[in-house]
Amino acid sequence: TERKWLLRVNNIEVVYQDIIQVLRGVSINIPEGRITALLGPNGAGKTTTLRAISGLLVPEDGAVRDGTIVYQGREIQNLPPEQIVKLGIVQVPEGRHVFKHLTVEENLRVGSITRRDGKVREDLERIYHYFPRLADLRHRLAGYTSGGEQQMLAIGRALLAAPKLLLLDEPSLGLAPLLVREIFDIVARINAEEGVTVLVVEQNAAIALAVSDYAYIMEQGKIVLEGEAEALKENPDVKEFYLGTA
Ligand code: ATP
């Protein structure tokens, strides 16, 4: 099928400390304007894959040893993270990392630091439109908001960097099911209304398959299965091992 790929990860190998091979030839294609999920158990290499894409592997610690990462037709596997952000690839890290001693709005403004187009006020209002809770809390110190609100804040902050490709690392982590649903629904709206392409890493396969178009399943540093989300939901192995519904 004819698709426009925003990002193509081709057979990458990632090694930590020169000897620990964590990714063993991983290939992932991300179609423009869609939501793609990367699923798999703890330690499979999902976060490492996101870091390879966003340039957030620490050079002395981990490196893409082989393979290419092609974004909008350009190889980026050797670019520093600040350049990758400017190209429009923005990662929301696992565990959120908001600045606890800044207010919610100050945290959001940090996300706009790489911008020069002066549209920050407008964008803040857009983020408050998607996350009304953040609007209510805009003057509160981030350290005094809940885990779910901090996750919203981390996503909102990433959006202020005007991403074309948003990388989400386990947005469901530690959150109550209803809140997880709310956050994923908002992500789906942002994708539909703003055209932001999303790659989401999740251990919660049920929620990720509910909102994504296509998914990859990773185990021990390799992609072991991929397909349309609708089809994967019906796959017997996925049902047994990832959805617990077999
Ligand atoms: P999780 O959901 O737990 O984050 P994951 O699928 O994202 O799992 P990674 O965090 O990518 O997995 O880790 C993959 C493997 O690489 C694990 O075995 C982990 O212990 C190892 N690893 C991660 N970071 C490093 C590092 N800096 N140095 C050495 N090994 C590492």
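Positions are given from 1, in the same order as the sequence printed here. Only heavy atoms go into these numbers, but all of them, side chains included; no hydrogens, no water, no symmetry mates. We count ligands from 1, going down the list as the structure has it; atoms in each ligand are counted the same way.
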Inset, instruction - Would you mind listing which atoms of ligand 1 come within a distance below 4.0 Å of any non-hydrogen atom of Asp61? - result: 26 (C), 27 (N), 28 (N)
Inset, instruction - Write down the atom of Lys46, the atom of Leu38, and the distance for their closest heavy-atom approach. - result: CD-O, 3.8 Å
Inset, instruction - Step through the shown structure and confirm whether more than 12 heavy atoms of other residues, nucleotides or ligands are within 6.0 Å of CG on Asp18. - result: no
Inset, instruction - Report yes if some heavy atom in the side chain of Tyr71 is under 4.5 Å from a heavy atom in the side chain of Ile30; otherwise report no. - result: no
Inset, instruction - First locate atom CD1 of Ile84, then atom CG of Leu79, and finally report the distance between them rounded to the nearest 0.5 Å. - result: 5.0 Å
Legend entry - Pro41 touching ligand 1 at heavy-atom level, < 4.0 angstrom: yes
Legend entry - Sub-3.5 Å N/O-N/O distance, Ile20 and ligand 1: no
Legend entry - Nitrogen or oxygen atoms of Gly43 and ligand 1 under 3.5 Å apart: yes
Legend entry - Contact check, Gly45 vs ligand 1, heavy-atom distance below 4.0 Å: yes
Inset, instruction - Specify the protein heavy atom at minimum distance from atom 4 (O) of ligand 1: its residue, its atom name, and the distance to 0.1 Å. - result: Thr47 OG1, 3.3 Å
Inset, instruction - May I have the step-by-step check of side-chain hydrogen bond (donor to acceptor under 3.5 Å, both in side chains) for His129 and Arg189, ending in yes or no? - result: CA-CA 11 Å; His129 156 78; Arg189 270 187 68 202; 3.2 Å; yes
Legend entry - Verdict with reasoning, Tyr128 to Glu105, per side-chain hydrogen bond (donor to acceptor under 3.5 Å, both in side chains): CA-CA 10 Å; Tyr128 290 147; Glu105 182 152 314; 2.5 Å; yes
Inset, instruction - Provide, to 0.1 Å, the distance between atom 5 (P) of ligand 1 and the closest protein heavy atom, together with that atom's residue and name. - result: Lys46 N, 3.4 Å
Legend entry - Atom pair CD (Gln77) and CG (Asn10), whose distance is rounded to the nearest 0.5 Å: 9.0 Å
Inset, instruction - Any atoms of ligand 1 less than 4.0 Å from a non-hydrogen atom of Glu94? List them with their elements. - result: 4 (O)
Inset, instruction - State, to 0.1 Å, how close Asp169 and Pro93 come at their nearest heavy-atom pair, and which atoms those are. - result: CB-C, 4.1 Å
Inset, instruction - Show which atoms of ligand 1 fall inside a sub-4.0 Å distance from at least one heavy-atom site of Glu170. - result: 2 (O)
Inset, instruction - Give the residue and atom name of whichever protein heavy atom lies nearest to atom 23 (C) of ligand 1, and the separation in Å to one decimal. - result: Tyr16 CE1, 3.5 Å
Legend entry - Atom pair CD1 (Ile89) and CD (Gln72), whose distance is rounded to the nearest 0.5 Å: 8.0 Å
Inset, instruction - List the closest protein heavy-atom neighbour of atom 28 (N) of ligand 1: residue, atom name, distance to the nearest 0.1 Å. - result: Gln17 NE2, 3.0 Å
Inset, instruction - Please list, chain by chain and in numerical order, all residues satisfying side-chain hydrogen bond (donor to acceptor under 3.5 Å, both in side chains) with Arg133, sequence neighbours excluded. - result: Glu182
Inset, instruction - Enumerate the atoms of ligand 1 whose separation from the nearest heavy atom of Ala44 is less than 4.0 angstrom. - result: 5 (P), 6 (O), 12 (O)
Inset, instruction - Kindly state if atom 20 (O) of ligand 1 has a protein heavy atom within a strict 4.0 Å cut-off, that is, under 4.0 Å? - result: no
Inset, instruction - Quick one: look at Asn42 and ligand 1, take heavy-atom pairs under 4.0 Å, and tell me if it's side chain, backbone, both or neither. - result: both
Legend entry - Check: Arg51 N/O within less than 3.5 Å of ligand 1 N/O: no
Inset, instruction - Find the distance between CD (Glu234) and CD (Glu228) and round it off to the nearest 0.5 Å. - result: 13.5 Å
Inset, instruction - Check Thr48 against ligand 1 and report side chain, backbone, both or neither, counting heavy atoms closer than 4.0 Å. - result: both
Legend entry - Non-hydrogen atoms of Val92 and Gln151 that approach each other most closely: CG1-NE2, 3.8 Å
Inset, instruction - Considering only non-hydrogen protein atoms, determine which one is nearest to atom 16 (O) of ligand 1 and report residue, atom name and distance to 0.1 Å. - result: Val22 CG2, 3.2 Å
Inset, instruction - Consider ligand 1: state whether an atom of it lies below 4.0 angstrom from any non-hydrogen atom of Met218. - result: no
Legend entry - Part of Gln203 with heavy atoms under 4.0 Å of ligand 1, whether side chain, backbone, both or neither: side chain
